[in-house]
Amino acid sequence: MYNEKVIDHFSNPRNVGELENPDAVGETGSFKCGDTMTLYLKVEDGRIEDVSFQTFGCGAAIASSSMLTEMVKGKTLDEAMEITNQDVADELGGLPPLKLHCSNLAADALHNAIENYRKENGI
Amino acid sequence: MYNEKVIDHFSNPRNVGELENPDAVGETGSFKCGDTMTLYLKVEDGRIEDVSFQTFGCGAAIASSSMLTEMVKGKTLDEAMEITNQDVADELGGLPPLKLHCSNLAADALHNAIENYRKENGI
Amino acid sequence: MKSRQVYMDHGATTPVREEVLEAMLPFYREHYGNPSSLHAQGRAVRRELETAREKIAEILGAEAKEIIFTSGGTESNNIALRGTAKKKGTKGHIITSSIEHHAVLDVCRDLEKEGHPVTYLPVDKYGRVDPQTVKEAIQPDTFIISIMAANNEIGTLQPIKEIGSIAAEHKILFHTDAVQVVGQLPLDLSKIKVDFLSLSAHKFNGPKGVGALYVRKGVRINPIYIGGGQERKIRPGTENVPGIIGMSRALELTSTGMEEKSEKLSQLRDRLISGLLKIDEVILNGHPEERLPGNVNVSFEHIEGESILLSLDLQGVAASSGSACSSGSLDPSHVLSAIGLDHHTAHGSIRFSLGYGNSNNDIDYVLEIIPLIVDKLRRISPTYKPKAI
Amino acid sequence: MKSRQVYMDHGATTPVREEVLEAMLPFYREHYGNPSSLHAQGRAVRRELETAREKIAEILGAEAKEIIFTSGGTESNNIALRGTAKKKGTKGHIITSSIEHHAVLDVCRDLEKEGHPVTYLPVDKYGRVDPQTVKEAIQPDTFIISIMAANNEIGTLQPIKEIGSIAAEHKILFHTDAVQVVGQLPLDLSKIKVDFLSLSAHKFNGPKGVGALYVRKGVRINPIYIGGGQERKIRPGTENVPGIIGMSRALELTSTGMEEKSEKLSQLRDRLISGLLKIDEVILNGHPEERLPGNVNVSFEHIEGESILLSLDLQGVAASSGSACSSGSLDPSHVLSAIGLDHHTAHGSIRFSLGYGNSNNDIDYVLEIIPLIVDKLRRISPTYKPKAI
Ligand SMILES: Cc1ncc(COP(=O)(O)O)c(C=O)c1O
Ligand SMILES: Cc1ncc(COP(=O)(O)O)c(C=O)c1O
């Protein structure tokens with residue numbers, strides 16, 4: 001069902017947990033399927049210095065969360081805003097069709113975090 | 001399906017064919033299932049001296065016809081009138097339930113022959 | 001007694017080929033998972049199930065998603081007809097033929113009772129439906145036409161290509177019961193306008209209790225059985241995995257070199273037919289050319305089918321009959337009546353259905369014993385008068 | 001990676017036992033005849049088919065003619081409910097529970113749409129239907145009650161004896177979906193007032209794609225599929241002979257020494273349950289005592305079922321989950337909702353279903369790996385706060 005890369009990110013998720021004193025926090029939840037994700041960001045000079053996540057969800061949701069954190073590290077906020085859920089799924093080498101919707105939380109949480117950061121910092 | 005006795009009477013039917021100058025002929029036919037039987041009798045002193053049959057019908061019909069001819073030989077007409085289809089089936093050692101109706105022609109043909117005989121001879 | 005065993009009842013069912021059984025066995029043993037399960041056991045089985053679907057689809061000239069697995073021909077026919085009627089919701093007109101298998105005919109009668117008018121098309125003396133009569137029977141509210149690809153008793157092939165085109169022209173759904181054809185003749189669904197096609201594995205050396213319904217892409221039907229999500233909800237219930245794998249393998253085997261095999265079977269058939277017709281007062285039922293490669297159906301005048309069957313059986317030959325006494329019902333076959341046989345002649349009909357494994361020797365054997373059987377039974381018959389010699 | 005293979009998904013399906021397969025093989029090979037055929041081949045098969053029917057009937061405390069062979073549990077359920085409604089002809093009231101398998105629940109919903117009012121009885125927090133609620137739900141036009149013998153997800157046994165008596169008192173037909181019970185617990189139909197009972201072979205180490213419906217003597221139903229005369233016309237179509245033979249053998253095997261086997265299975269189950277409950281924030285779903293000997297269902301708070309399944313799978317353990325993400329639908333199991341679990345808890349549910357072949361070693365293995373899996377996933381979870389140590 002899942003490819004090896006997905007299994008790898010699920011089995012050894014990167015950047016798990018809560019950052020201390022994060023510069024921004026983003027949240028998202030699929031009301032229907034019940035998955036939720038929280039994303040933590042450290043931002044310096046408009047760049048994502050550090051990132052971590054916490055996810056309640058299926059294998060696809062966890063792997064997507066982990067994948068996203070790898071994708072955004074070092075990116076500017078503008079660049080990060082352009083990452084879509086599809087990009088995350090693609091970077092994972094694809095997800096089973098029925099599972100695609102489960103990957104729809106990672107980019108959403110990221111965008112939410114960036115928006116929160118900009119709001120707080122008046123950008 | 002059929003027991004050995006039925007198979008024997010079917011494979012080696014007794015008293016097959018037309019008697020020459022029969023004293024009586026009986027006929028019966030199941031309009032529905034299409035079986036027909038003709039029975040020929042030689043009668044002497046109120047006793048069945050000889051008997052033969054011709055049957056268009058299934059295994060059960062042929063075996064019943066053959067069986068009946070063995071049962072009636074030597075019997076008085078009165079005795080013969082008492083033979084029922086069930087007697088024929090019993091004498092064969094039983095027939096499959098679905099096939100019982102196919103044995104319903106032999107005794108009928110016999111009774112028809114005897115009735116014809118009595119009518120013709122004013123008995 | 002039984003000097004030899006000759007099986008000539010392939011129209012009723014066929015033996016499972018050893019290669020088919022071999023393909024099935026792993027799915028009773030190691031691959032026992034439920035294809036709906038997420039774990040490795042389940043996923044492995046799902047993969048093989050979908051491969052089987054693809055294989056069947058490819059052989060039939062269809063797409064995998066057009067194949068719905070069922071429990072056999074009866075179920076496929078029922079789903080196609082009743083599922084379409086249920087989907088439609090309102091009453092409408094149905095066209096079928098008077099010689100369909102009971103699994104079509106009796107469904108139509110049932111739908112008729114529920115308020116769907118049904119036209120039962122007549123057939124000619126060979127058992128053919130004239131496409132022109134289909135055209136003429138079409139009403140403004142006709143929603144489905146169901147004509148079998150070949151008749152199971154007399155083997156007559158129907159002009160389903162023409163009928164399919166007529167149906168398509170009138171935007172009417174077309175179902176064909178191809179249970180007797182699949183495995184005997186090549187079929188390319190990409191070239192025929194069919195919306196539903198029924199097939200059953202045990203007719204082509206696959207296992208009993210499994211079949212398929214082809215449902216053309218885009219055609220919507222309602223399920224009859226409801227439950228899980230299997231088979232796109234058209235046929236829910238845990239899949240008969242070994243059966244499906246066996247069906248796929250059997251179809252694959254039967255389809256390899258099919259033209260040649262059909263040709264060979266037809267030759268056997270024609271030898272048997274011409275041998276039988278040498279006997280006095282024997283009639284060939286069905287079409288002389290447009291017939292299933294394996295089907296021989298003759299009527300022996302003056303004698304009754306079941307007694308012929310029984311005699312054949314006592315000598316090791318398995319065949320079948322359209323006689324009332326062999327069916328358990330009292331009426332002779334509706335098919336033989338529809339082609340105009342009178343009761344007596346219909347009662348004397350015998351079907352020899354040839355298939356994989358039958359040889360010239362089998363034909364020789366049957367042709368050797370049948371004249372003796374017929375002669376013996378005719379001697380008992382009240383209607384037979386031997387020709388003066 | 002896969003150090004070991006442990007199959008704990010017997011509620012989904014079970015492996016076919018080698019003895020069962022052995023009983024089936026002759027019916028793929030030498031005994032391939034159609035049981036409806038008159039010839040020796042057909043008759044031999046008919047005999048064995050009827051012997052299988054008698055064996056199954058005897059084990060269930062029924063008569064042979066009360067057993068109808070079907071293609072599985074889904075079909076049995078559909079025939080019982082829809083066949084009864086069809087026979088009745090007019091609309092009437094139906095009583096069922098809110099935790100039935102979809103093959104009952106969705107049929108009821110379909111019948112409801114067609115105008116039959118349906119009462120879906122609630123269950124208590126253990127998933128039990130209170131017989132009193134059945135009694136209260138009865139209307140003057142109630143014609144059938146359908147309550148499963150045991151739930152497939154949480155394993156709760158229902159008081160079918162009491163419910164059967166209530167139904168009988170009110171002259172209402174009673175159907176029970178016993179798909180999960182047959183093969184796990186003894187059942188004696190001569191002692192319970194049941195009119196219809198569904199079972200499916202693949203749940204007790206028999207083959208997939210075959211099942212049976214018990215129909216009490218004297219109870220009349222209409223068929224759903226129509227066609228030939230097989231199975232007293234209630235279920236026409238060429239019989240799945242090898243499947244039926246396999247089902248009969250499997251039932252025979254599973255029924256020998258069943259009390260003892262159930263007892264052993266319950267012990268395994270209870271070991272697994274108590275081991276799992278040692279983990280923090282784990283809830284047992286279903287009834288603590290009145291449950292299937294093989295069923296364990298727990299919710300792990302803060303984590304999602306599919307990710308637990310996947311982790312188990314990566315370590316060779318096959319289980320199942322009521323989480324939305326594992327079912328393909330978006331909602332969590334209707335059963336878990338009916339017993340009052342909130343969405344999050346329902347999503348974290350896992351069913352381990354034990355069966356023939358599971359050992360104490362399997363339990364040890366699962367109890368060894370599951371705390372690590374749960375711990376790891378909880379570390380990722382946004383809602384989990386580890387207890388202060
Ligand atoms: C033409 C035709 N349709 C349908 C069927 C029914 O198939 P099954 O017995 O597999 O349900 C048969 C065979 O009996 C058949 O010959
Ligand atoms: C309680 C219950 N009823 C019905 C079914 C359906 O049985 P089958 O998949 O054999 O059609 C199942 C199994 O899936 C079940 O657990």
Side-chain angles (χ1 to χ4, degrees), chain C residues 2 7 9 12-16 18 21 25 28-29 32-34 36-42 71-75 77-78 101-103 106-107 110 200 202 207-210 224-229 236-243 306 309-310 312-313 316-321 326 328-329, chain D residues 2 7 9 12-16 18 21 24-25 28-29 32-34 36-42 71-75 77-78 101-103 106-107 110 200 202 207-210 224-229 236-243 306 309-310 312-313 316-321 326 328:
Chain C
K2 295 198 184 170
Y7 187 77
D9 199 13
T13 196
T14 59
V16 171
E18 200 57 36
L21 186 53
L25 290 178
Y28 287 120
R29 291 178 171 140
Y32 57 80
N34 190 318
S36 298
S37 294
L38 283 185
H39 46 67
Q41 249 298 341
S71 69
T74 299
E75 179 168 50
N77 286 343
N78 273 267
H101 188 272
H102 281 290
D106 294 358
V107 182
D110 212 48
S200 186
H202 72 97
K208 295 176 178 64
V210 59
I224 311 303
Y225 291 154
I226 314 186
T238 301
E239 299 88 340
N240 177 354
V241 178
E306 198 244 18
L309 275 196
L310 183 55
L312 284 167
D313 187 42
V317 177
S320 72
S321 161
S326 65
S329 94
Chain D
K2 295 198 185 171
Y7 187 76
D9 200 12
T13 196
T14 59
V16 172
E18 199 59 33
L21 185 53
M24 296 169 68
L25 289 178
Y28 287 120
R29 291 180 172 137
Y32 56 81
N34 190 319
S36 298
S37 293
L38 283 187
H39 46 67
Q41 249 297 341
S71 69
T74 299
E75 180 168 49
N77 286 342
N78 274 266
H101 188 271
H102 282 291
D106 295 358
V107 182
D110 212 47
S200 185
H202 72 98
K208 294 176 179 63
V210 61
I224 311 303
Y225 291 154
I226 314 185
T238 302
E239 298 90 341
N240 177 355
V241 178
E306 198 244 19
L309 275 194
L310 182 56
L312 284 166
D313 187 42
V317 176
S320 73
S321 160
S326 65

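Here is how names work: the chains are called A, B, and so on, in the same order as the sequence lines, proteins then strands, and each is numbered from 1.
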Where on Glu239(D) is there a heavy atom nearer than 4.5 Å to chain C: the side chain, the backbone, both, or neither? backbone
Which of Gly237(D), Ala318(D), Pro15(D) touches chain C most, by non-hydrogen pairs under 4.5 Å: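 Option with the top pair count is Pro15(D).
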Using a cut-off of under 4.5 Å for heavy-atom pairs, which of Ser200(D), Ala319(D), Gly229(D), Gly42(D) has the most such pairs with chain C?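 Looking at each of Ser200(D), Ala319(D), Gly229(D), Gly42(D) in turn, Ala319(D) comes out on top.
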Looking only at heavy atoms, what is the nearest atom pair of [X] and [Y], with distance?
{"X": "Thr13(D)", "Y": "Asn34(C)", "value": "CG2-N, 3.3 Å"}
{"X": "Ser37(D)", "Y": "Asp9(C)", "value": "OG-OD2, 3.1 Å"}
{"X": "His102(C)", "Y": "Gly228(D)", "value": "CB-N, 4.4 Å"}
{"X": "Asn240(C)", "Y": "Lys208(D)", "value": "OD1-O, 3.5 Å"}

Point-to-point distance, once rounded to the nearest 0.5 Å, from CG of Leu38(C) to CG of Leu309(D): 6.0 Å
Which one wins on heavy-atom pair count under 4.5 Å against chain D: [options]?
{"options": "Gly72(C), Pro207(C), Gly73(C), Gly33(C)", "result": "Gly33(C)"}
{"options": "Pro242(C), Gly243(C), Ala103(C)", "result": "Ala103(C)"}
{"options": "Thr74(C), Asn78(C), Val16(C)", "result": "Asn78(C)"}
{"options": "Val317(C), Leu310(C), Thr238(C), Val241(C)", "result": "Thr238(C)"}

So, using side chain to side chain donor-acceptor pair (under 3.5 Å) as the criterion, who are the partners of Ser71(D) when residues are at least two apart? Arg235(C), Glu75(D)
By the definition side-chain contact (heavy atoms from CB on, under 4.5 Å), identify the one residue from Ile224(D), Asp106(D), Val107(D), Asn77(D) that meets it with Tyr225(C).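 Running side-chain contact (heavy atoms from CB on, under 4.5 Å) over Ile224(D), Asp106(D), Val107(D), Asn77(D) with Tyr225(C) returns exactly one hit, Ile224(D).
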Given 3.5 Å as the limit, does a donor-acceptor pair link the side chain of Asp313(D) with the main chain of Ala40(C), or not?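 Side chain of Asp313(D) to backbone of Ala40(C), a donor-acceptor pair under 3.5 Å: yes, one is there.
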Any idea how His39(C) and Tyr7(D) line up, ring-wise: parallel (<30°), tilted (30 to 60°), or perpendicular (>60°)? perpendicular
Engaged part of Thr14(C) at the chain D interface, taking heavy atoms whose separation is under 4.5 Å: backbone
